[in-house]
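Each remark here refers to the structure printed beneath this line.
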Amino acid sequence: MAVYHGLNLAMYNGCTDICCYSDSKTVIDLISKPVNNLHSHASIIAYIKELANLDWKVTFSHTLREGNESADFLAKLGSSNDIKMKIWNSPPEGIETLLLSDSRRTLHPRP
């Protein structure tokens, strides 16, 4: 659902060149390969593919969790409450260092 909401938000805000990274190889494969109509999320996957094929550039790539710690931080933050979607006007507390590290492509080994 994060990819679905993220693409909708990017489109609404007029973005034209999107690089979507996920640490889930399964998610990237589901989006990159033909839709299996028997999959429980087939309709969402099909909608993501439709969004990606609109008049903008969207690429999907797999990344290790250690290479995208900001996304991992936000995923953990999101799983700790019942809010379906949250939009910040500025980065949430505790993520600034991770954003800088991710922008420098600094890898950190898993604990």
Rounded to the nearest 0.5 Å, how far apart are [atom1] of [X] and [atom2] of [Y]?
X: F73; Y: E96; atom1: CZ; atom2: CD; answer: 8.0 Å
X: D72; Y: L77; atom1: CG; atom2: CG; answer: 11.5 Å
X: S24; Y: L30; atom1: OG; atom2: CG; answer: 7.5 Å
X: L99; Y: S70; atom1: CG; atom2: OG; answer: 4.0 Å
X: S32; Y: K25; atom1: OG; atom2: NZ; answer: 7.5 Å

For a quick test of your reading: what N or O donor-acceptor pairs under 3.5 Å do the side chains of residues 38-53 make, sequence neighbours left out?
unit_1 : atom_1 : unit_2 : atom_2 : d
H39    : ND1    : H41    : N      : 2.9
K49    : NZ     : I31    : O      : 2.6
K49    : NZ     : K33    : O      : 3.0
N53    : ND2    : K49    : O      : 3.0

Shortest non-hydrogen contact from V27 to S22?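 For V27 and S22, the tightest heavy-atom pair comes out as CB-OG, 4.1 Å.
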W88-I95 co-clustered via ILVMFWY side chain contacts under 4.5 Å: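 W88 clusters together with I95.
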Are V58 and I28 grouped together when hydrophobic residues (ILVMFWY) are joined by side-chain heavy atoms under 4.5 angstrom apart?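 Yes, same cluster.
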Apply side-chain contact (heavy atoms from CB on, under 4.5 Å) to the pair W56 and L7, showing each step before the final yes or no. CA-CA 11 Å; W56 61 343; L7 287 178; 4.1 Å; yes
Excluding sequence neighbours, so at least two apart, what forms side-chain hydrogen bond (donor to acceptor under 3.5 Å, both in side chains) with K57?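 Partners of K57 by the side-chain hydrogen bond (donor to acceptor under 3.5 Å, both in side chains) criterion come out as none, since no residue qualifies.
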Let's go through V3 and F60 carefully: what are the C-alpha distance in whole Å and the side-chain angles of both, what is the deciding distance for side-chain contact (heavy atoms from CB on, under 4.5 Å) to 0.1 Å, and is it a yes or a no? CA-CA 10 Å; V3 173; F60 298 98; 3.8 Å; yes
Is a donor on one side and an acceptor on the other found under 3.5 Å between the side chain of N13 and the backbone of C15?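 Flag not set: sc N13 to bb C15 has no pair under 3.5 Å.
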